[in-house]
Amino acid sequence: MAGVLLVTGAGRGIGAAIARLGAARGWRVAVNYSRSRAPAEALVAEIAAAGGEAAAFAADIGDSAAVTAMFAEIDQVLGPVTSLVNNAGIIGPVARVEALDDPQALVALYATNVFGVFHCSREAIRRMSRRRGGPGGVIINISSVAARHGGLAGEVAYASSKGAIDSLTTGLAREVAADGIRVVGLRPGLTDTDINDGHDGGKSVLGVIAPTIPLGRIGRPEEIAEAALFLLSDAASYMTATTIDVSGGR
Ligand code: NAD
């Protein structure tokens with residue numbers, strides 16, 4: 001079942017890997033980006049050169065009106081979205097809770113990591129729902145193992161936003177099951193992307209943590225993408241309201 005796949009925050013990292021693999025598996029891919037247009041356009045060109053179909057669409061997913069406008073633009077360029085990967089995310093403020101003096105930083109964190117999932121899911125469901133005449137579809141929410149273990153030092157806020165996503169996956173799946181829409185989550189463990197620059201200590205944290213991971217290394221974006229494409233496929237047709245770890249056993 002391929003169709004139009006929207007991947008949010010797909011200009012780099014895990015989202016780019018999902019977009020790339022999705023296009024290779026026959027999806028027409030909507031590559032969402034918020035600020036950096038060039039990497040998104042480069043990915044679209046790379047997909048086209050490999051024989052796939054993709055286009056780049058700007059929207060800050062935390063901005064409800066911008067998300068509505070983006071979906072309308074995708075309708076025109078690629079056709080209505082038939083599956084969605086809610087991938088875009090930020091680490092947000094890294095600090096102990098008693099040092100979180102800037103409430104706006106928390107609002108910004110939740111605007112992207114949680115409200116963005118609501119905004120994009122809303123628009124996707126309106127197009128995918130069989131009760132509304134749509135084809136059904138799949139929504140994947142990218143969570144984190146931080147939702148389970150509380151995050152690295154100073155990442156309580158980030159971890160809590162991912163915990164909210166896990167709850168949303170369960171509830172939304174039940175709400176839209178009769179619409180022919182499956183909702184599933186993925187919890188990556190530490191994965192080699194630039195988001196890890198945001199940790200306390202930057203990317204050096206990866207080398208410290210790698211030996212503590214049962215498989216002995218951090219993950220690659222392509223390994224998260226393989227799991228996502230499985231969940232999008234009919235091979236996962238009986239999976240909904242669940243979130244699976246892709247974490248090397250961490
Ligand atoms: P990344 O920083 O490389 O990519 C995130 C992308 O999201 C970026 O392109 C960024 O511009 C985009 N983005 C951020 N805010 C946005 C917004 N408001 N609107 C639209 N796009 C926005 O990081 P990544 O590692 O590829 O992260 C992808 C997802 O995986 C995130 O949800 C992250 O929390 C999750 N995750 C990552 C790891 C890891 O170790 N890399 C582990 C667990 C979970």
Side-chain angles (χ1 to χ4, degrees), residues 6-21 30-43 56-67 69-71 84-92 94 105 107-120 140-152 155 157-166 168-169 185-199 201-210 213 217-225 227-228 243-248 250:
L6 169 60
V7 185
T8 64
R12 68 181 201 184
I14 291 169
I18 294 171
R20 205 174 273 122
L21 191 61
V31 174
N32 160 254
Y33 66 95
S34 53
R35 287 189 209 115
S36 305
R37 183 179 180 88
E41 292 291 0
L43 178 62
F57 300 90
D60 171 350
I61 60 158
D63 178 338
S64 175
V67 167
M70 173 178 68
F71 271 78
L84 164 68
V85 180
N86 284 310
N87 165 78
I90 57 174
I91 288 196
V94 175
V107 170
L109 172 70
Y110 268 69
T112 290
N113 289 14
V114 182
F115 303 154
V117 176
F118 277 100
H119 302 327
C120 293
I140 298 179
N141 295 327
I142 303 295
S143 173
S144 168
V145 291
R148 285 190 187 284
H149 64 59
L152 302 175
E155 288 181 5
Y158 171 76
S160 73
S161 74
K162 295 300 189 180
I165 288 177
D166 286 1
L168 204 165
T169 297
L186 272 181
R187 280 188 213 98
L190 270 188
T191 308
D192 191 8
T193 74
D194 291 337
I195 201 172
N196 292 303
D197 292 337
H199 291 302
K203 265 195 165 182
S204 63
V205 75
L206 301 183
V208 175
I209 290 175
I213 299 170
R217 62 174 176 83
I218 63 168
R220 299 187 300 273
E222 294 75 19
E223 293 175 305
I224 311 302
T243 297
I244 58 177
D245 292 1
V246 187
S247 64
R250 182 156 182 261

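Excluded from the calculations below are hydrogen atoms, water molecules and symmetry mates; all remaining heavy atoms, backbone and side chain alike, are included. Keep in mind that this is a model prediction, so the values were computed, not measured. Every number for a ligand or one of its atoms is a count from 1 in the order of the listing.
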Got a sec, which residues hit salt bridge (Lys or Arg N to Asp or Glu O under 4.0 Å) with [X], two or more places apart in sequence or on another chain?
X	result
Glu41	Arg37
Arg148	Asp245
Asp192	Lys203

(message) How long is the straight-line distance from CD1 of Ile140 back to CD1 of Ile224, given to the nearest 0.5 Å?
(response) 11.5 Å
(request) Please say which of Thr169, Asp166, Thr243 ends up in a side chain to side chain donor-acceptor pair (under 3.5 Å) with Ser143. (result) Asp166
When you check ligand 1 against the protein, what N or O pairs turn up below 3.5 Å? List the atom names and distances, or just say none.
| residue | atom | partner | partner atom | Å |
| --- | --- | --- | --- | --- |
| ligand 1 | 2 (O) | Arg12 | NE | 3.3 |
| ligand 1 | 2 (O) | Arg12 | NH2 | 2.7 |
| ligand 1 | 3 (O) | Arg12 | NE | 2.9 |
| ligand 1 | 18 (N) | Asp60 | OD1 | 2.9 |
| ligand 1 | 18 (N) | Thr112 | OG1 | 2.9 |
| ligand 1 | 19 (N) | Ile61 | N | 3.0 |
| ligand 1 | 25 (O) | Thr193 | OG1 | 2.5 |
| ligand 1 | 26 (O) | Ile14 | N | 2.8 |
| ligand 1 | 32 (O) | Asn87 | O | 2.7 |
| ligand 1 | 32 (O) | Lys162 | NZ | 2.8 |
| ligand 1 | 34 (O) | Tyr158 | OH | 2.7 |
| ligand 1 | 34 (O) | Lys162 | NZ | 3.1 |
| ligand 1 | 40 (O) | Thr191 | N | 2.8 |
| ligand 1 | 40 (O) | Thr191 | O | 3.3 |
| ligand 1 | 40 (O) | Asn196 | ND2 | 3.3 |
| ligand 1 | 41 (N) | Thr191 | O | 3.2 |
| ligand 1 | 41 (N) | Thr193 | OG1 | 3.0 |

(request) Flag the pair Arg217 and Glu223 as a salt bridge only when some basic side-chain nitrogen lies within less than 4.0 angstrom of an acidic carboxylate oxygen. (result) yes
